[in-house]
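Throughout, a chain's letter reflects where its sequence line sits, starting with A, and its residues are numbered from 1.
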Protein chains: 2
Amino acid sequence: MQAQSTVEKAIDILFHLHAEPHACGVTAIGRRLGLSKSSTHRLLSALGRRGLVEKDDRGRYRTGIGLVALGVGALDREPIVAAARPVLEAEAAALGETVFLVAARAGRIIVLDKSEGEGFLRASPRIGSTVPVHATAVGKLYLAFGGGSVEAPAGELEKFSNATIARRSALAAAVARAAERGFAENSDEWIPGLSVVAAPVMATASDGRMLAAVAVAAPTPRMQSLGREEIGRRMLAAAARVAARFEGVAQ
Amino acid sequence: MQAQSTVEKAIDILFHLHAEPHACGVTAIGRRLGLSKSSTHRLLSALGRRGLVEKDDRGRYRTGIGLVALGVGALDREPIVAAARPVLEAEAAALGETVFLVAARAGRIIVLDKSEGEGFLRASPRIGSTVPVHATAVGKLYLAFGGGSVEAPAGELEKFSNATIARRSALAAAVARAAERGFAENSDEWIPGLSVVAAPVMATASDGRMLAAVAVAAPTPRMQSLGREEIGRRMLAAAARVAARFEGVAQ
DNA sequence: GACAATGTTCCTTTAATAGGAACAAATTTC
DNA sequence: GAAATTTGTTCCTATTAAAGGAACATTGTC
């Protein structure tokens, strides 16, 4: 990845600090991103003047509080998030499991919002994080209904667990089944012990494209006892409510 | 505010888009920030290549999903947030009201995390948002225990409601009372109908400075019936638990 | 269908950036 | 405890990227 503009270099620094668990020094950042020490320092100073990075006691840099403000605002700005939030909360309260909203952005599948369940063992996806296409329920939905907005990765399908779909023909079959049933599921295919059932939020009025997906995540045994078919119908109804609220709000 | 570096101009665009409720055009952004149309366009392109801004169907720009990822990560990085989260959740569940964590950053008081209550009418502060110093419970705590990390605004004290403290002598008295009791409260002083009781999280081991504050927010009638003194003691205990977890984790 | 406003691209002057080197703290090593 | 090494910060000038006017393309409007 070749940074071209100064702005992009600064953003690369932000993402690098984001990826690092601990605060980083100027020298280390510069070395990692191929920037001179003085350039790195100047970029960090500019970011610091706007509160996007902070310096700790020892002069090390880490991501700043300004990023939090910008990020949370960006979420609330997404109309689909505003439309979905009450539905997520209602479903999470009714099921006692984590319910979340996922959508495609720039060819990747990203967690937009969540409402967590009550269990001691519960799914807690990170808002803003990316999930794999070929090993998740939402990924299958996007392959079935997304109209090419998301594609399965090129080359070998990464194997996350014993249950991960490895062959493209098997993936195509799973996608076809999702297209037929209208919802998709995933048992241990990404994270062992985690099951997800997801339904697509389709724009009913305009062009009928897929706006997002509503999904419930639970430990596999609990999902088993809840009944996948019943949960699937429930998610379809929830997704329809989100779509109705979205079109009502967006008007 | 005069932008000096290119990076700062780009960040100013981000904050401007963040402040605007709707997507903005290149011309409008440039006019607002004093940038030429072509410069604005180039900065937006750079931000867009890294996913920090997005373009809608009509070519308008708004904040992008990349900011969400950066922001959420930045929050989880704050050790005080990690230490406080279970305490916030436990208190929110026990009280049924919104409990949140607030701290001073760069001289301002900022909401770091929250766990919302269950009421139909409930406080829902925005994570990352700034709250006023002289009209909030946490503001009084920082004036009492913050060691100068936060100061009351210069000039006239802004009047948010009929209950807002207007005179500096009255503010000093409220701060003195907070210093004496160890916790602070706020009834309708910022937002009419909203009451808050807050307790400071003090570093017990090292230098004893104020790390953050734990606060519970509720509609004024409900706070009245819960009993301010009892809630104050409860918040003091919660803040002590946060401090203990913080020092235990940070070790 | 003509007009106005907006997003995008092009090009040259201008000004900010890059990066080496020197300096100052802090940390590590002996 | 002192020397040595690493690291954050500042300074300076050749270089390079950014700024801004103008032309072009596109969209929405009257």
Side-chain angles (χ1 to χ4, degrees), chain A residues 1-64 77 106 205-207 250-251, chain B residues 1-17 19-64 77 106 206-207 250-251:
Chain A
M1 179 164 60
Q2 186 83 323
Q4 284 148 3
S5 74
T6 307
V7 171
E8 283 171 272
K9 289 173 199 167
I11 297 171
D12 287 344
I13 289 179
L14 288 179
F15 276 104
H16 177 66
L17 287 177
H18 172 252
E20 289 293 321
H22 303 296
C24 297
V26 173
T27 310
I29 298 169
R31 193 160 34 213
R32 181 71 180 74
L33 299 178
L35 302 170
S36 75
K37 210 161 61 160
S38 30
S39 298
T40 307
H41 181 259
R42 193 166 28 71
L43 293 173
L44 283 167
S45 299
L47 291 169
R49 279 194 293 273
R50 291 293 186 271
L52 301 199
V53 301
E54 288 169 7
K55 252 194 313 197
D56 68 7
D57 311 333
R58 289 194 291 281
R60 297 265 170 74
Y61 290 86
R62 58 190 170 80
T63 49
R77 194 117 323 135
S206 50
D207 49 359
Q251 185 257 121
Chain B
M1 182 163 58
Q2 187 83 323
Q4 284 147 3
S5 75
T6 307
V7 172
E8 283 172 273
K9 289 173 197 167
I11 298 172
D12 288 344
I13 289 180
L14 288 179
F15 276 105
H16 178 66
L17 287 176
E20 289 292 321
H22 303 296
C24 296
V26 173
T27 311
I29 297 169
R31 193 161 33 214
R32 182 70 180 72
L33 300 178
L35 302 170
S36 76
K37 211 162 57 162
S38 31
S39 299
T40 308
H41 180 261
R42 192 166 27 72
L43 292 172
L44 284 167
S45 300
L47 291 168
R49 277 194 294 273
R50 290 293 187 270
L52 301 200
V53 302
E54 287 170 8
K55 249 193 319 196
D56 68 7
D57 311 333
R58 290 194 291 280
R60 297 265 171 75
Y61 289 87
R62 58 189 170 80
T63 48
R77 193 118 323 137
S206 49
D207 48 359
Q251 185 261 117

A.B. asks: Expressed as a whole number of angstroms, how long is the span from A:Leu35:CG to D:dT16:P?
C.D. replies: 16 Å

A.B. asks: Determine all donor-acceptor pairs shorter than 3.5 Å in which one atom belongs to a side chain in residues 27-40 of chain B; sequence neighbours excluded.
C.D. replies:
from    : atom 1 : to      : atom 2 : distance (Å)
B:Ser36 : OG     : B:Ser39 : N      : 3.2
B:Ser36 : OG     : B:Ser39 : OG     : 2.9
B:Thr40 : OG1    : B:Ser36 : O      : 2.8

A.B. asks: Could you work out, with salt bridge (charged side-chain N to carboxylate O under 4.0 Å, His left out) as the rule, every residue matching A:Arg42, not counting sequence neighbours?
C.D. replies: none

A.B. asks: Please state how far atom CG in A:Leu44 lies from atom C1' in C:dT17, giving the value in whole angstrom units.
C.D. replies: 15 Å

A.B. asks: Rounded to whole Å, please give me the gap between CG in A:Leu47 and P in C:dT17.
C.D. replies: 12 Å

A.B. asks: Does a nitrogen or oxygen in the side chain of A:Lys9 sit under 4.0 Å from OP1 or OP2 of C:dT17?
C.D. replies: no

A.B. asks: Can you see which heavy atom on A:His16 is nearest to which on A:Cys24, and at what distance?
C.D. replies: NE2-SG, 4.4 Å

A.B. asks: Who pairs with A:Ala10 by side chain to side chain contact (heavy atoms under 4.5 Å, CB included), at least two apart in sequence or on another chain?
C.D. replies: A:Leu43, A:Leu47, B:Val7

A.B. asks: Quick test: give all pairs of protein nitrogen or oxygen and nucleotides 7-11 of chain D nitrogen or oxygen below 3.5 Å, distance rounded to 0.1 Å.
C.D. replies:
from  : atom 1 : to      : atom 2 : distance (Å)
D:dG8 : OP1    : A:Val26 : N      : 3.2
D:dG8 : OP2    : A:Val26 : N      : 3.2
D:dG8 : OP2    : A:Thr27 : N      : 2.9
D:dG8 : OP2    : A:Thr27 : OG1    : 2.7
D:dG8 : N7     : A:Lys37 : NZ     : 3.3
D:dG8 : O6     : A:Lys37 : NZ     : 3.4
D:dT9 : OP1    : A:Lys55 : NZ     : 2.9
D:dT9 : OP2    : A:His41 : NE2    : 3.1
D:dT9 : OP2    : A:Tyr61 : OH     : 3.0
D:dT9 : O5'    : A:His41 : NE2    : 3.3

A.B. asks: Within this structure, what is the CG-to-C1' distance between A:Leu33 and C:dA18, rounded to whole angstrom?
C.D. replies: 15 Å

A.B. asks: In whole angstroms, how far is the P atom of D:dA18 from the CG atom of A:Leu43?
C.D. replies: 11 Å

A.B. asks: Could you check whether any side-chain heavy atom of B:Leu52 comes within less than 4.5 Å of a side-chain heavy atom of A:Phe15, counting everything from C-beta outward?
C.D. replies: yes

A.B. asks: Between P on D:dA18 and CD1 on B:Ile13, what's the gap in Å once rounded to a whole number?
C.D. replies: 13 Å

A.B. asks: Taking the axis from the first five pairs and the axis from the last five, what angle separates them in the helix from C:dG1-D:dC30 to C:dC30-D:dG1, rounded to 10 degrees?
C.D. replies: 50°

A.B. asks: Where do B:Asp12 and A:Arg50 come nearest, in terms of heavy atoms and distance?
C.D. replies: OD1-NE, 2.7 Å

A.B. asks: Is A:Arg49 close to A:Ser45 at the side-chain level, that is, under 4.5 Å between some pair of heavy atoms?
C.D. replies: yes

A.B. asks: Roughly how far, to the nearest 0.5 Å, is CZ of A:Arg60 from CG of A:Leu17?
C.D. replies: 12.0 Å

A.B. asks: Over how many whole Å does the gap from B:Arg42 atom CZ to C:dC11 atom P extend?
C.D. replies: 16 Å

A.B. asks: Would you give the length of the straight line joining atom CD1 of A:Ile11 to atom CD1 of B:Ile11, rounded to the nearest 0.5 angstrom?
C.D. replies: 8.5 Å

